[in-house]
Asker: 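First the structure, which I've put down as structure tokens, then a few questions once you've had a look.
We count ligands from 1, going down the list as the structure has it; atoms in each ligand are counted the same way. As a basis for the values below, the full set of heavy atoms in this structure was taken, side chains included, without hydrogen atoms, waters or symmetry mates.
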Amino acid sequence: MRAIAISAFGARPELVELPEPTPGPGELLVRLRAAAYNPIDTKIASGAVKGLQPRFPLVMGQDGAGVVEAVGDEVTAYRPGDEVYGRFADPARGLGSYAEYAVVAQDGPVARTPKGLLPAQAAAVPTASATACALLDAAGLAEGQTVLIVGATGGVGQAAAQLAALRRAYVIATAAPDAEELMRELGANETVDHTKGDVPGQVRAAWPDGVDAVFDLVTPSGEVDAMAGVLRPGGVICSVVHALDPDALARRGLRGVNVINRVAPDVLTRLAELIDGGELRVRVESLVPLERAPAVLGDIAASHARGKTVITI
Ligand SMILES: NC(=O)c1ccc[n+]([C@@H]2O[C@H](COP(=O)([O-])OP(=O)(O)OC[C@H]3O[C@@H](n4cnc5c(N)ncnc54)[C@H](OP(=O)(O)O)[C@@H]3O)[C@@H](O)[C@H]2O)c1
């Protein structure tokens with residue numbers, strides 16, 4: 001099968017020919033039609049994710065969508081021909097989603113593709129939208145509360161803004177001028193231009209009593225304390241880049257949660273329902289054919305995301 005793989009941490013991703021994987025008991029062999037880029041893909045490839053001991057060559061990528069090609073023994077939940085989407089990374093076997101084939105356990109991070117979604121759209125959903133769900137849950141965001149989303153214009157942020165608006169929260173989204181209209185279409189009530197600098201100062205000026213919650217998708221640990229300064233007493237800040245010291249925040253009378261997403265069948269099925277119901281939109285910003293991916297991955301990682309980049313297979 002054709003795949004984009006690395007031969008070692010830090011090596012250049014390459015288009016390679018690899019053996020097609022075989023599904024074990026309880027596993028599905030999926031013919032992938034699309035894979036989505038997530039920032040974690042390049043972090044893993046660089047070796048920045050501690051404790052990961054993959055088999056090389058390691059196929060890059062997590063998220064994907066395609067069709068069940070074959071099933072292993074004891075599979076009862078799916079049949080060949082079923083359209084599925086989810087997370088298809090198995091680094092211990094050198095497998096990932098930037099490939100023609102992947103395997104996933106039938107009770108693993110996989111579900112039926114939302115109705116009417118093309119594989120390229122479905123592949124864009126799992127990690128970003130599941131992370132947005134995890135943020136809302138961690139914060140316990142409730143109707144009428146105010147939430148600042150920092151890094152709102154990317155994959156996670158767009159989903160978080162929509163889900164927060166669906167919960168009838170008041171959404172303040174960071175957005176460069178080119179993305180203000182997009183964020184309002186996705187449910188933001190107001191935007192803050194982070195390219196002008198001092199986001200905490202801008203938000204405090206508009207909300208002197210503080211906001212109820214912050215979803216921070218980008219601010220590193222050295223700077224996140226200032227972001228927490230926009231919260232009202234007792235407010236909650238959630239970081240997806242593990243920037244928070246919850247004990248230090250508790251001493252300031254604030255709650256801090258370093259959020260790790262959970263991509264599981266129940267979450268994927270819930271997301272599929274929201275998409276089918278027209279309540280969650282996932283914006284695919286660009287499509288890249290598999291063979292072009294090695295040449296453009298660096299540019300994608302450095303780009304100002306306004307949606308998801310999807311690799312077509
Ligand atoms: N913990 C978890 O489970 C988990 C799960 C998923 C993702 N993540 C992490 O979450 C982060 C975001 O992921 P993503 O998929 O949403 O990334 P993405 O699609 O690349 O989007 C990042 C967005 O952040 C904006 N941005 C960058 N710097 C900013 C700043 N200082 N202030 C405001 N906005 C800023 C960018 O727009 P501009 O360039 O215009 O500023 C871009 O739209 C990544 O680091 C990823 O690894 C963690």
Asker: P21 and Y101: which non-hydrogen atoms are nearest, and at how many Å?
Answerer: CD-CB, 3.8 Å
Asker: Using the side chain to side chain donor-acceptor pair (under 3.5 Å) criterion, which residues pair with E285? Sequence neighbours excluded.
Answerer: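 Not a single residue meets the side chain to side chain donor-acceptor pair (under 3.5 Å) criterion with E285.
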Asker: Closer than 4.0 angstrom, basic N to acidic O: yes or no for R79 and D82?
Answerer: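 So R79 does not pair with D82 through a salt bridge.
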Asker: Test: salt bridge (charged side-chain N to carboxylate O under 4.0 Å, His left out). Region: residues 123-134. Which pairs qualify, not counting sequence neighbours?
Answerer: none
Asker: Enumerate the side chain to side chain donor-acceptor pair (under 3.5 Å) contacts for residues 127-141, please, sequence neighbours excluded, ordered by first and then second residue.
Answerer: D63-T127, R87-T127, T131-N261
Asker: Kindly indicate whether the side chain of D178, heavy atoms from C-beta on, has any atom under 4.5 Å from the side chain of R306.
Answerer: yes
Asker: Which protein residues have a heavy atom under 4.0 Å from ligand 1?
Answerer: P39, K43, T127, T131, G151, T153, G154, G155, V156, T174, H194, L217, V218, V240, V241, V259, I260, N261, H304, A305, R306
